[in-house]
Structure formats: C-alpha cells, structure tokens
Amino acid sequence: MARYFATTPIYYVNDVPHMGHAYTTLNGDALCRWRRLHGDEVFYLTGTDEHGLKVQRAAEENGLTPQEQADRTSRRFREAWDLLDIAYDDFIRTTEARHHTAVQTLLERCYENGYVYKDTYQGVYCVSCEAYYAEADLTDGNCPIHESPVEEMAEDNYFFRLSAFRDRLLAWFEAVPDNITPERYRNEARALVRGGLEDLSITRTSLQWGIPVPWDRKHVFYVWYDALTNYATAAGYGTDDERFATWWPACRHLLGKDIIRFHCVYWPAMLMAAGVEPLPRFHVHGWLLVSGAKMAKSSVVQIAPADLAADLGVDGLRYSVLRDNPFGPDSDFSYEALVQRCNSDLANGLGNLLQRVTSIVARSAGSLGSAPVPESPLGVVTEQAYASAAEAWDRVQPSVALEATWRIVRETNEYLQAHQPWKLDPGPARDAVLGDALEALRIVAVLAHPAIPRSCAEVWRRIGLAGDPSQARLPGAAIWGQYPGGLTVTAGAPLFPRLSAD
RNA sequence: AGCGGCGUAGCUCAGUCGGUAAGAGCGCUCGACUCAUAAUCGAGAGGUCGCCAGUUCGAUUCUGGCCGCCGCUACCA
C-alpha cells in the first residue's frame, strides 16, 4: 500500500484566509484526491500557526486571551477549507498539547545532540514593537512601524548550530535530485546553502506566548522553530512513534517560494540535528499576481475565497484556479480570467457535453443509457488523456493534468458532431455513439474528480452510475468500456451556469 | 553588486536532452450545424520561439555577450 503524506504550510492566525492560502491548499487537496483515486493511503495535513508576538498583541487589542484570539482566527481557516471542499485529514494547531510535546522533544533531541547552545543575541530593538529588527529593515535608522529610534539590545538566547549542516545539506542535494521541485527553486535553495550558513537564534525570553524550552523555562521557542515542527507533530512525532515511522517517509511539503529558506534549509537541518530520517520532499510554487502585485496580507488586493466561490461556484473556483495557475512560476490572477475559464471549460465544455448527451438519451432512448463499443476512437483518446494526466499529476502539475483531461471533453464533442446521434434512428449505430459519449463522461468524471469533486459526483449520478467517482480506482477505472448501458440517465439543469464578467 | 530565474502567436502558457514541431487553449474572422447552457463543429488569420555572435551539416533548443523584467542575499510570516 503506497502512502502519500502532503502538507500545506500552517497559516498564521494573524491573518484571514485569502486566495494565496487557498492556492496552496487547493493544489494539495487535488493532489491528495488524485492519489486516493489510486488507492493510496493518504494523509493531508493543514492547520494554523498560533504562537508569537503578533497573536499576543492582537489578543490584547481585542481584549481576549491569546488562545481565544487564536481560536477565533483558526476557525476561519477551517471554515474556508470546508467551504472549498478541502478534504484534509488533520487540522493541526500549534497550541495543541501534542504539538508542545513534539516541539519540546525535537528541540531537546537537537540540544542533546549538541546542536543547540546558549549565547548572547545582539540586535536593534524597538521597545514599542517589543521586537528585534535587522539593520536592513530600519527606515533611516528608525523602527519601520513606529518610526521611533531603536536601541541596541542583547539577551541570552539558545542558538541552533545551522553552520554545522552545510556539507550534509549539500550531500542531500547531491543524493536526492528531486528533493525540491521545480528545479528553479531547488537551485535557489542550494544557492542559499552554498552561500554559507550562520547559526540561528531559536528562542526568546521577551515573549510569553509560545512553547517553553524544556530545559530552561524562561525561554520559549521562536515561532519558526515551533511552526515547522507541526509536520512532525501531526505524523506522531513524540507521541506515537509507530505512526511517525509509518507516515514520515511519505512526507512532502507544499509551500510558496517566500518561505523556501525556512522549509528547504532550516527545517531539513533541524531534522538532521534531531536524527530524523529521511528528509521530506518539497514542492514549491510561486505567487498569484494581481496586476503584478503579490497577493498576500500586506497587499490591498487580497481576495477572500468565499467571495469568489459565491460568484463562480465552489467547483468553478477550484477548477479555474488549478487550471489557470501553473504550479511553480508566478502567475497572473484575475477575475476575468476565472470567469473565462469557467465558461469555456465548464459551462461550454463539460457542462454542455453532459447536457446534450443526457438530453438526447432522455428524449429518444427512453432515458436508458447504452454501452460503448470496444473499438471506439474515443477509447484511444481517453487512454492517452489518462496517461498524460497521470504523468502531470505526478510532476505536481495540476494545470497540465486538467488540460489533458479536457482533451476528452473536446474530442467527445467533435465525435458527437461527426456522428450526429440526434439524427440517427434508434438502433445499434446510434446506441454506440451515445454509449461512447456516456463512457467518455464516466471517465472524465473520475479524472476530473480531484479538481471538481462535487460536479463529478453529479455527472456520475446523471449518467446513472451508483456511488461516487471518488470510489473509482485508477488506473483500472480509466480503461475504456466499463459504462454498462441500461442505466437510467437524468437530464437535469445545466451543471455549470454561464457567467458574465462584471 | 553577488547568486538565481524569466523573456515562444492578441492573451494565458506547453514544448524542443539540436534535425519534417514552431504547438495548445482562449480571443478574433469566415463557414457549418441546431441535440445542447447564443453552447457545438470546421476553416483561417496571427509568431524572424527577447537581441547579437559562436559551436554545428543544422539552434527556438548548446556556449558567450547584451537588453528587459523579477526573486533571494539570513533570524523578516
């Protein structure tokens, strides 16, 4: 039994869900659904990062405890993912007891292995912010937020001996050619390692809202070294060794390019320091750009997934986001493009195909579907489409996989046009054409399920099949000729409405 | 500045480990059809694959240079 353990970054509860978060989460969901279709045992993990100064401060402003503040925002992420039909298997929160145990265990292991030591951290500090700044972040030597003078401060911190891992990290790049994909980001990460690594301060005494350092309770772990560990926590690190041993080797992280350093350099080094093997794999994506600006909380262009789902439908949003934004490079993101994609591929393409086929069967075949013919040319089309799609999903390229899948939709429309079953008299010739179209729809319903699960279930139902395409098992389910015929086909309302770009 | 990436039809992007591959979808024009959500099908227009040079029998694909855009350069969600 193959295993597939995929993660999104855990999202910081200082923020509310926007399309940038949804992009990563949707891609992960689709990839996991694709693996489930192949019978893999899948563990899809997402969650929220809840410690740190910003949460503590937001809580104070709202008159809440930090936990209440975290609860409030964490819930919004869970609601967003539920709304988008994200089939996560676990939703981890860093404030959970299991996570405290894992962080303390992992870092203590690093400490015992000699990779954590105490030293003095020196830096410029803004009293109002209660935070250190890098010199480069200052504006005219002042705090970038308060524009007030900063002071030179020093405090005792624990440091992680990152510098000890340069060679071992490079050896990892050497040994695992696809440890990070796409290659452009792999190069970037390797350049970071080659450029030299300095030790990292990983604890704070100036902060209360965090996980205590087990051997020195005055300190809490600084957010990154808390947050990254979530992946191990959820796999059972520190609480369930057997479970951890089962899932960890199957681990792969999805992340945006802005956090490559932490994920692809610091985190592997921490794992090595703690003696955790093997290292996970990483799939890095770029940003969604709106008029050239990164979509993130600092931008005015952040868009709420719920608003788009209300306009496009959940599947309309899922499909157009996955189809139009290749996983890897930055990509343009616009409302007009989403609408366009929904109309051309969903309404005019799949939806209309389903509509014309079911309506012909309903009107002239007594609503009884017929079986496909074994030697149909569409069988060749579906076979090739599955092969292309599978290869693309394996490469973490949902946009390419969906394009390949939609070749079936286009070819089936052409096939109907060529044979014009609406003009044929009842009989084997007409039944063969309609059966072929129904069979093509069956296969599309399976292959497109990772992107548009709800709609594929409806296609399934309308062509008379029992159950749900999620229960199909690939690659067998993609083999031509399985639509049985004799089922009752339902011609209902259009599956996807045509949208106008307003 | 150093390192890295990108530059292919109007738009969004595939692709070429160098040779009958210059491609897809959308958009556009014309035509067909009317089962279907003014959907569908066919045909067509449109690109010196950023620029220059080199290697080669042959480069969009390799090498060097240049131009343009972007990212990273450290404890910053």
Side-chain angles (χ1 to χ4, degrees), chain A residues 9-15 20 49 52 54 121 123 131-134 136-137 144 157 159-160 162 182-192 194-202 204 222-225 227 256-262 265-266 286-287 289 292 294 296-298 323-326 328-334 336-337 340-341 343-364 388 392 397 399-400 402-404 406-407 409-410 412-424 433-434 437 491 493-499:
Chain A
I10 50 173
Y11 304 113
Y12 198 53
V13 293
N14 189 46
D15 199 3
D49 182 9
K54 291 189 179 180
Y121 179 82
Y132 285 93
Y133 283 95
D137 292 334
N157 277 173
F159 283 74
F160 175 62
L162 180 65
E183 195 160 4
R184 43 152 67 97
Y185 297 126
R186 181 173 195 270
N187 293 339
E188 200 164 302
R190 181 154 55 178
L192 291 175
R194 282 199 181 122
L197 303 171
E198 288 178 15
D199 294 349
L200 302 163
S201 156
I202 61 168
R204 294 290 185 274
Y222 188 59
V223 285
W224 270 108
Y225 314 99
K257 66 180 184 179
D258 48 331
I259 50 180
I260 285 178
R261 171 184 299 281
F262 305 99
V265 180
Y266 298 175
W287 292 328
L289 304 178
K294 177 193 173 190
K297 75 186 177 76
S298 56
R323 174 65 184 81
D324 262 349
N325 300 282
D330 292 353
S331 61
D332 287 311
F333 186 83
S334 76
E336 291 69 26
Q340 165 87 322
R341 183 58 75 179
N343 282 339
S344 65
D345 288 14
L346 297 181
N348 299 349
L350 177 57
N352 186 52
L353 174 62
L354 176 71
Q355 198 72 1
R356 60 198 305 209
V357 172
T358 53
S359 108
I360 297 166
V361 174
R363 183 170 344 91
S364 63
S388 301
Q397 294 291 299
S399 62
V400 179
L402 291 174
E403 191 208 4
W406 252 255
R407 273 181 233 148
V409 173
R410 285 195 297 275
T412 305
N413 269 324
E414 288 175 30
Y415 186 72
L416 289 178
Q417 186 67 28
H419 293 85
Q420 313 208 351
W422 51 91
K423 284 186 174 172
L424 298 174
V433 175
L434 292 175
L495 195 55
F496 304 100
R498 281 184 57 80
L499 307 167

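By convention in this document, chain letters (A, B, ...) are assigned in the order of the sequence lines, proteins followed by strands, and residues within each chain are numbered from 1. If you're wondering where the values come from, they're calculated on a predicted model, not measured in any experiment.
- Nucleic acid contact for A:Y222: sugar-phosphate only, since backbone atoms but no base atoms lie under 4.0 Å from a heavy atom of the residue.
- Taking atom OH of A:Y185 as the reference point, atom C1' of B:C72 lies 11 Å away to the nearest angstrom.
- Partners of A:R261 according to the side chain to side chain donor-acceptor pair (under 3.5 Å) rule, which considers only residues two or more places apart in sequence or in another chain, do not exist here.
- Out of B:A77, B:U34, B:U40, the shortest distance to the side chain of A:D49 is found at B:A77.
- Among the atoms of the strands shown, only primed sugar atoms or phosphate atoms (P, OP1, OP2) are found under 4.0 Å from some heavy atom of A:E414.
- If you check every strand for non-hydrogen atoms under 4.0 Å, A:L495 touches a base.
- Ring orientation note: the planes of A:Y266 and A:F262 are nearly perpendicular, at an angle over 60° on the 30°/60° scale.
- Of the side-chain N and O atoms in A:Y225, none sit less than 4.0 angstrom from OP1 or OP2 of B:A77.
- The gap from the C1' atom of B:C49 to that of B:G7 amounts to 10 Å, rounded to the nearest Å.
- With B:G42, B:U37, B:A77 as the candidates, the nucleotide lying closest to the side chain of A:Y12 is B:A77.
- Nucleic acid contact class of A:F496 (heavy atoms, under 4.0 Å, all strands): base.
- For B:A39, one of the phosphate oxygens OP1 or OP2 lies less than 4.0 angstrom from a side-chain nitrogen or oxygen of A:R498.
- The nucleotide whose nearest atom lies closest to any side-chain atom of A:L192 is, among B:C72, B:U40, B:A77, B:C72.
- Within the structure, a side-chain polar atom (N or O) of A:R363 is placed less than 4.0 Å from OP1 or OP2 of B:A36.
- Per the geometry, CG belonging to A:D345 stands 14 Å off C1' belonging to B:G27, to the nearest Å.
- Within the nucleic acid shown, A:E403 comes within 4.0 Å of sugar-phosphate atoms alone, with no base atom in reach, counting heavy atoms only.
- Here the nucleotide nearest the side chain of A:N352, chosen from B:C35, B:G71, B:U37, is B:U37.
- Scanning for side chain to side chain donor-acceptor pair (under 3.5 Å) contacts around A:S364 gives A:R430, with sequence neighbours left out.
- No donor-acceptor distance shorter than 3.5 angstrom exists from the side chain of A:D49 to the backbone of A:Y11, with no hydrogens or angles considered.
- The base of B:A77 does not come close enough to the side chain of A:D258 for any donor and acceptor atom to sit less than 3.5 Å apart.
- In this structure, A:W224 reaches the bases: a heavy-atom distance under 4.0 Å links it to at least one base atom across the strands shown.
- Projected onto RNA chain B by closest heavy-atom contact, A:S359 and A:S201 fall at different nucleotides, the more 5' of which corresponds to A:S359.
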inquiry  = So if I define the base as every atom that isn't primed, P, OP1 or OP2, how would nucleotides 2-9 of chain B read as a B/S/- string at a heavy-atom cutoff under 4.0 Å?
reply    = -S-SS---
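- At B:U34, one or more side-chain N or O atoms of A:K423 fall inside 4.0 Å of OP1 or OP2 (strictly under the cut-off).
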